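In what follows, a single structure is set out as structure tokens and then discussed.
We count ligands from 1, going down the list as the structure has it; atoms in each ligand are counted the same way. These figures come from a predicted structure and were not determined experimentally.
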Amino acid sequence: MARKSFFIDTTRCTGCRGCQTACKQWNQNPGTKTRQEGTYQNPPDLSAATWKLVRFSEAKGPGGETRWYFFPDQCRHCLYPPCKIAADRKEKEADILDAKTRAVIFNPAIKITPEHFKEIRDICPFDIPRYDEKLGRMAKCTMCFDRVGEGMLPACVKTCPTGAMNFGDRDAIRKMAEKRLDRVRKIHRRASLVKPGAVRVIFLLADYPENYQQFAAADPAEGITRRMALKHPLQSISGLGDRIG
Ligand code: SF4
Ligand code: SF4
């Protein structure tokens, strides 16, 4: 079960979007028509052609001052992925686990109806699955399992210039994340790791998750879904304080 994991240290992220671009390049995903929505976040959301998106938000920091928050969003590759449970009920083999890495992969060879896709998207607590209407296929991050299988790093990790993106064997990554949290907490008392026992993409946040984005934190093992998260603010479903780890 150990296999691979990411550690995303948002305290080191500068919002350069190198990871976002590298993801598109490696996966040969086309550019996306975009628009200005009053933020530097570009494009505005994940899509069938954008599997990694650096989310930008402005919120009040611990001292009441306005701060920038960067969140390099992507599939968390949950250990027990709710999307797979939902997909298995609809189309066998639509959502598969890579044997080498345990990456959660939407099978591009399997078509899904829009109705079935809606159910699969709604169950993901992090709002990750997207749909290509023309091809009838689901899309999201694959953990670059094709690169990793050849001994390379995922494209986003290889590209990140600051050390925010990290990848490796799960046990080593968890230790790295915990060690870094100890250090970061000396400066940021609200810092936390987002449910490291439940996901393969472990985020270190310096502040409350809701300052970063609506779906920054959830615990797939607690049965929280996107539908619930949309109905209730993050604060009320994740509990406050040092509540994430
Ligand atoms: S984050 Fe969502 S899409 Fe990714 S594995 Fe978990 S449930 Fe599936
Ligand atoms: S490449 Fe690294 S520093 Fe740049 S946006 Fe992505 S995670 Fe942040």
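Less than 4.0 angstrom separates some heavy atom of F126 from each of these atoms of ligand 1: 1 (S). Close approach of ligand 2 to T14 (heavy-atom distance below 4.0 Å) involves ligand atoms 3 (S), 8 (Fe). Interface atoms of ligand 1 facing C124, defined by a heavy-atom separation under 4.0 Å, are 1 (S), 2 (Fe), 3 (S), 7 (S). The ligand atoms of ligand 2 that sit less than 4.0 angstrom from a heavy atom of P161 are 1 (S). Within ligand 2, counting atoms from 1 as listed, the ones closer than 4.0 Å to a heavy atom of V54 are 5 (S). Of all atoms in ligand 1, listed by their number and element, those nearer than 4.0 Å to a heavy atom of P82 are 7 (S). Applying the 4.0 Å criterion to heavy atoms of C19 picks out, from ligand 2, the atoms 1 (S), 5 (S), 6 (Fe), 7 (S). Residue K140 has at least one heavy-atom neighbour below 4.0 Å for each of these atoms of ligand 1: 3 (S).
Among all protein heavy atoms, the one lying closest to atom 1 (S) of ligand 1 is R76 N, 3.4 Å. Closest to atom 2 (Fe) of ligand 2, if we only count protein heavy atoms, is C160 SG, 2.4 Å. Nearest to atom 6 (Fe) of ligand 1 among the protein's heavy atoms is C78 SG, 2.3 Å. Remark: minimum distance from atom 8 (Fe) of ligand 1 to any protein heavy atom is reached at C83 SG, 2.3 Å. Nearest protein neighbour of atom 4 (Fe) of ligand 1, counting heavy atoms only, is C75 SG, 2.4 Å.
No option in R174, E178, K195 other than R174 meets the side chain to side chain contact (heavy atoms under 4.5 Å, CB included) test with I202.
No donor-acceptor distance shorter than 3.5 angstrom exists from the side chain of D73 to the backbone of L53, with no hydrogens or angles considered. For the pair N29 (side chain) and W51 (backbone), a donor-acceptor distance under 3.5 Å is absent.
Between C156 and ligand 2 there is no heavy-atom distance shorter than 4.0 Å. For the ligand labelled ligand 2, residue T162 lies inside the 4.0 Å heavy-atom shell.
Under the 30°/60° scheme for interplanar angles, the aromatic rings of Y40 and W68 are found to be tilted.
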Trace of the side-chain hydrogen bond (donor to acceptor under 3.5 Å, both in side chains) decision for Q20 with K52:
CA-CA 5 Å; Q20 186 177 312; K52 175 100 184 166; over 6 Å; no
Does the pair D122 and K118 meet the rule for a salt bridge (charged side-chain N to carboxylate O under 4.0 Å, His left out), with working shown?
CA-CA 6 Å; D122 273 351; K118 189 178 178 312; 2.9 Å; yes
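In this structure, R121 pairs ionically with D127, as a charged nitrogen and a carboxylate oxygen lie closer than 4.0 Å. A salt bridge does not link D98 to R102: none of the charged side-chain nitrogens sits closer than 4.0 Å to a carboxylate oxygen.
Between F6 and C156 the shortest side-chain heavy-atom distance falls below 4.5 Å. Put simply, the side chain of V199 does not reach to within 4.5 Å of the side chain of H77, judged on heavy atoms.
Counting heavy atoms closer than 4.0 Å to ligand 2, residue R17 contributes backbone atoms (N, CA, C, O) but none from C-beta onward. Residue contacts with ligand 2, taken as heavy atom pairs separated by less than 4.0 Å, involve P72 solely via side-chain atoms from C-beta onward.
Remark: R55 is not positioned above the aromatic ring of F71, lacking an NZ or CZ atom under 6.0 angstrom from the ring centre and at most 45 degrees off the axis.
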